[in-house]
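First up is the structure itself, then whatever we jot down about it.
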There are 2 protein chains.
Amino acid sequence: MATRGGKLLLTRDDWTRAALDAIGEGGVEAVAVDRLAKTLGASRGSFYWHFRDRADLIDAALERWARENTADLVPELDAIPDPVKRLRMLLRRVYEQAVDAVELRLSAASDDPVVAPVFARVTRQRIEFLRRIFTDLGLPPSQVAARAWLAYAFYIGHHQLSKNPAVAEERPARLDRVVELLARSG
Amino acid sequence: MATRGGKLLLTRDDWTRAALDAIGEGGVEAVAVDRLAKTLGASRGSFYWHFRDRADLIDAALERWARENTADLVPELDAIPDPVKRLRMLLRRVYEQAVDAVELRLSAASDDPVVAPVFARVTRQRIEFLRRIFTDLGLPPSQVAARAWLAYAFYIGHHQLSKNPAVAEERPARLDRVVELLARSG
DNA sequence: ACCTGAACACCGTTCAAGT
DNA sequence: ACCTGAACACCGTTCAAGT
């Protein structure tokens with residue numbers, strides 16, 4: 001690590017990692033140049049050497065998230081040959097595991113001009129993944145599109161609703177019936 | 001309207017209405033005391049006569065929204081005796097009509113501490129409404145809960161996704177198949 | 001009872017000046 | 001090549017002073 005006068009010099013990557021942490025904790029609006037600078041022990045002015053502006057930083061953080069994120073789940077699930085099992089595994093993850101903090105923040109901010117393109121790219125990859133499941137299930141093309149959309153909109157809405165504790169009380173105890181309904185033939 | 005020195009005095013209601021407009025246009029974070037004061041031709045200090053703080057204003061705006069909103073759709077739909085028709089009417093609204101701008105903003109900000117309680121209350125009323133539909137359809141209680149949750153999570157996710165144009169391309173042309181799936185017996 | 005205007009803290013952005 | 005520090009605009013909040 002490069003230093004100067006005993007202080008270590010910050011890289012673009014240091015700022016990006018700090019920003020992604022901030023998004024996970026407080027959402028996109030928690031990415032404050034001033035606060036990050038204090039945390040990292042640098043001046044605000046120094047930030048503008050590495051990034052054009054705040055949007056540039058957020059964009060870099062999201063790109064990192066998308067990269068680390070897609071590498072993760074999709075290949076693992078794609079290895080499961082039986083499409084119903086694949087759907088069940090997917091929904092189990094959705095339901096049982098706490099969803100990635102960053103993902104939650106992003107889906108809430110998906111209309112933000114910086115967030116929108118990254119979010120759209122990841123979304124399309126995932127809907128594509130769902131289409132494969134329903135195609136493998138032997139459904140006709142018109143059904144495949146409708147069901148992939150239903151399943152993904154459900155996924156988004158489920159998380160959106162679940163993060164509000166008062167709303168989460170309305171949630172059924174297990175997702176079995178939902179899986180059944182989504183996987184049903186014809 | 002009360003005046004003083006030719007200027008009209010502002011009421012709590014004037015600020016509330018302006019805030020709700022701001023939410024519709026730019027979301028909760030667009031409610032800036034400074035900007036509203038400029039728009040209404042008053043000083044920032046004057047705002048703090050009517051409201052404790054910014055959160056107080058946002059809360060008042062949301063209460064107004066909830067009141068005007070619930071009075072609206074639910075009684076109209078409840079008048080339709082056939083539950084399948086009721087569901088179809090509901091989903092048609094969901095799909096064809098542009099959703100209330102404020103509602104979109106709120107569902108994105110539903111984890112905001114000020115937004116959360118109001119949003120939770122409205123949500124629970126709506127899920128209750130969906131439960132009635134599925135109960136009237138003759139489904140067993142365990143199914144009723146799962147399906148109302150699926151339908152409402154779908155509703156939320158559908159809007160969330162639709163507002164991103166690149167994602168909305170993935171949307172099927174009509175919702176018929178989704179309705180079929182949701183209304184299906186057993 | 002209702003409003004103004006100044007004050008302070010916080011934050012995004014620019015830029016001349018430093019090493 | 002990388003950073004500091006001052007400057008400016010914007011915004012939330014407080015408060016003494018005005019009518």
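Quick note on labels: first sequence line is chain A, next is B, and so on, each numbered from 1.
With respect to B:Arg121 and A:Glu170, no salt bridge is recorded, no charged nitrogen being found less than 4.0 Å from a carboxylate O. A salt bridge is absent between B:Arg88 and B:Glu180: the closest approach of a Lys/Arg side-chain nitrogen to an acidic carboxylate oxygen does not fall below 4.0 angstrom. Using a 4.0 Å cut-off between charged side-chain N and carboxylate O, A:Arg124 and B:Glu169 make a salt bridge. With respect to A:Arg132 and A:Asp136, no salt bridge is recorded, no charged nitrogen being found less than 4.0 Å from a carboxylate O. The pair A:Asp82-A:Arg86 fails the salt-bridge criterion, with no side-chain N (NZ, NE, NH1 or NH2) lying under 4.0 Å from an Asp/Glu carboxylate O. Between B:Arg12 and B:Asp56 there is a salt bridge, since at least one side-chain N of the basic residue sits less than 4.0 Å from a carboxylate O of the acidic one.
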Can you list the steps and then say if B:Gln160 with A:Gln160 is a side-chain contact (heavy atoms from CB on, under 4.5 Å)?
-> CA-CA 9 Å; B:Gln160 210 69 60; A:Gln160 208 71 59; 3.8 Å; yes
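Distances shorter than 4.0 Å separate none of the side-chain N or O atoms of B:His50 from OP1 or OP2 on C:dA1.
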B/S/- contact track for nucleotides 6-16 of chain D, protein heavy atom under 4.0 Å | -B---BBBBB-
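As rounded to whole Å, 13 Å separates atom P of C:dC3 from atom CZ of B:Arg12. We find that CZ of A:Phe51 is positioned 11 Å from P of D:dC3, with the value rounded to whole Å. For the pair A:Leu40 CG and D:dC3 P, the interatomic distance rounds to 11 Å; values are reported in whole Å. Nucleotide C:dC3 holds its P atom 9 Å from the CH2 atom of B:Trp49, rounded to whole Å.
Counting only Watson-Crick and G-U wobble pairs whose two key distances fall under 3.5 Å, DNA chain C forms stems of three or more stacked pairs at C:4-8 with D:12-16, C:12-16 with D:4-8.
Applying the salt bridge (charged side-chain N to carboxylate O under 4.0 Å, His left out) criterion to B:Arg64, with sequence neighbours excluded, gives B:Asp13, B:Glu68.
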